Amino acid sequence: MPLIPPEALPHFENQIYLPMLLIILERDRLAFEKGPFKLKRPYLAMIAEAEKLVQKDLKESRLYMRRHSMKVIKGDHDDMFTEYVFIHGGYEDHRRYLNVRLRNRSEELLGVYLAMGDRAI
């Protein structure tokens, strides 16, 4: 029997990826604000809407994790891997994520949230 139930794994991973997305969106927003774009508002609106959606999903995951006594701790990292410790029900599950995988998945999620935000505008 796995230590982490399958329905909890997306919430653990949201605690890894969604804070990264917020940082990326913030940096992109600043780049659009300072950049030489003639029409900044549509880009800024799309980024703001994506930020709202990411924050909403992150809040839901945090509430779920709090209710189920779950926690994610970032462990050691090097040029190739980043380790995360998933704590659930008194058990620790150490997982190593390839940094390239973290970047690629963040890029995928960024596209999803920007597309979702685009529909809401």
Side-chain angles (χ1 to χ4, degrees):
M1 180 176 141
L3 300 177
I4 297 176
E7 66 273 3
L9 192 57
H11 296 287
F12 278 114
E13 291 197 339
N14 280 349
Q15 294 299 312
I16 295 170
Y17 292 113
L18 296 184
M20 283 187 220
L21 287 183
L22 288 175
I23 292 168
I24 292 165
L25 288 167
E26 176 66 20
R27 288 180 183 168
D28 290 351
R29 185 179 58 76
L30 291 173
F32 277 110
E33 286 175 352
K34 294 178 182 177
F37 301 96
K38 287 188 182 243
L39 302 173
K40 297 177 183 186
R41 279 188 285 166
Y43 300 109
L44 294 174
M46 190 168 61
I47 289 172
E49 190 61 36
E51 282 179 321
K52 287 179 194 174
L53 293 169
V54 170
Q55 288 170 344
K56 177 182 167 273
D57 287 350
L58 185 58
K59 182 179 178 181
E60 289 173 6
S61 286
R62 283 185 178 147
L63 289 173
Y64 179 91
M65 292 185 70
R66 191 173 300 133
R67 280 189 219 118
H68 294 88
S69 301
M70 299 170 11
K71 192 173 185 182
V72 176
I73 300 172
K74 186 175 180 179
D76 296 333
H77 61 89
D78 56 28
D79 292 339
M80 293 291 292
F81 293 97
T82 301
E83 181 180 33
Y84 290 93
V85 181
F86 296 171
I87 301 172
H88 182 273
Y91 294 101
E92 290 185 5
D93 186 7
H94 295 259
R95 294 185 180 215
R96 290 172 47 117
Y97 286 82
L98 192 62
N99 291 337
V100 173
R101 177 180 179 232
L102 291 171
R103 185 192 70 225
N104 290 341
R105 181 66 179 145
S106 295
E107 189 175 353
E108 286 174 26
L109 289 172
L110 184 62
V112 168
Y113 280 102
L114 287 173
M116 288 170 46
D118 187 35
R119 284 188 217 128
I121 293 176

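Predicted model only: the values in this text are computed from it and were never measured.
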Asks: Look at the side-chain heavy atoms of Ile, Leu, Val, Met, Phe, Trp and Tyr, link any pair under 4.5 Å apart, and say whether L18 and V112 land in one connected group.
Replies: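 Yes; V112 is reachable from L18 via cluster members.
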Asks: Taking side chain as C-beta onward, heavy atoms only, is Y113 less than 4.5 Å from D57?
Replies: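 Yes; the side chains approach each other to less than 4.5 Å.
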Asks: Considering only distance and modelled atom types, tabulate donor-acceptor pairs under 3.5 Å from the side chains of residues 69-76, sequence neighbours left out.
Replies:
none

Asks: Show me the side-chain donor-acceptor pairs of residues 31-42 shorter than 3.5 Å, one per line, residues at least two apart or across chains.
Replies:
| unit_1 | atom_1 | unit_2 | atom_2 | d |
| --- | --- | --- | --- | --- |
| E33 | OE1 | R29 | NH1 | 3.3 |
| E33 | OE2 | R29 | NH1 | 2.6 |
| K40 | NZ | E33 | O | 2.7 |
| K40 | NZ | G35 | O | 3.3 |

Asks: Counting heavy atoms not belonging to Y43, are there more than 12 under 6.0 Å from its OH?
Replies: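 12 or below, so no.
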Asks: Specify the closest pair of heavy atoms between S106 and L102, including all atoms of both residues, with the distance to one decimal.
Replies: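 Minimum heavy-atom contact is OG-O, 2.8 Å.
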Asks: Mind listing the closest non-hydrogen atom pair of N14 and S61 along with its distance?
Replies: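 Closest heavy-atom pair between N14 and S61: ND2-OG, 2.8 Å.
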Asks: Could you grab the distance from atom CD of E13 to atom CG of L109, nearest 0.5 Å is fine?
Replies: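 Spacing of CD (E13) from CG (L109) equals 9.5 Å.
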Asks: To the nearest 0.5 Å, what is the distance between CG (L110) and CG (D28)?
Replies: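 Answer for the CG-CG pair, L110 versus D28, is 6.5 Å.
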Asks: Mind checking the OH-CD1 spacing from Y84 to I16? Nearest 0.5 Å is all I need.
Replies: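 Interatomic distance, Y84 OH to I16 CD1, rounded to 0.5 Å: 5.0 Å.
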Asks: Would you check if the side chain of N99 reaches a backbone N or O of D78 as a donor-acceptor pair within less than 3.5 Å?
Replies: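 Yes; judged by distance alone, with no hydrogens or angles, the pair exists.
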Asks: Within this structure, what is the CD-CG distance for the pair E51 and L58, rounded to the nearest 0.5 Å?
Replies: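 Here the interatomic distance stands at 12.5 Å.
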Asks: Classify the side-chain pair E7/Y64 by whether it contains a donor and acceptor separated by less than 3.5 Å.
Replies: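 Short answer, no.
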Asks: Nearest 0.5 angstrom please: L44 CG to L30 CG, how far?
Replies: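 With rounding to 0.5 Å, CG (L44) is 9.5 Å from CG (L30).
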Asks: Could you tell me whether E60 and K56 have a side-chain N and a carboxylate O separated by less than 4.0 Å?
Replies: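 K56 and E60: salt-bridged.
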Asks: What pairs of donor and acceptor atoms, side-chain ones from residues 87-95 against any protein atom, are under 3.5 angstrom apart with sequence neighbours left out?
Replies:
| unit_1 | atom_1 | unit_2 | atom_2 | d |
| --- | --- | --- | --- | --- |
| E92 | OE1 | H94 | NE2 | 3.3 |
| D93 | OD2 | R95 | NE | 2.8 |
| D93 | OD2 | R95 | NH2 | 3.0 |
| H94 | ND1 | E83 | OE2 | 3.2 |

Asks: Would Y17 and E108 satisfy side-chain hydrogen bond (donor to acceptor under 3.5 Å, both in side chains), going step by step from the backbone distance to the final call?
Replies: CA-CA 10 Å; Y17 292 113; E108 286 174 26; over 6 Å; no
Asks: Do the non-hydrogen side-chain atoms of L114 and E49 ever get within less than 4.5 Å of each other?
Replies: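 Sidechains of E49 and L114: no contact.
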Asks: Measure the CE-CZ distance between M65 and F86 for me, rounded to the nearest 0.5 Å.
Replies: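 Reported value, rounded in 0.5 Å steps: 8.0 Å.
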Asks: Can you tell me if Q55 has over 12 outside heavy atoms packed within less than 6.0 Å of its CD?
Replies: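 More than 12 within 6.0 Å, yes.
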Asks: Is it true that F81 and M20 fall in one hydrophobic cluster, defined by side-chain heavy atoms closer than 4.5 Å?
Replies: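 Cluster IDs for F81 and M20 differ.
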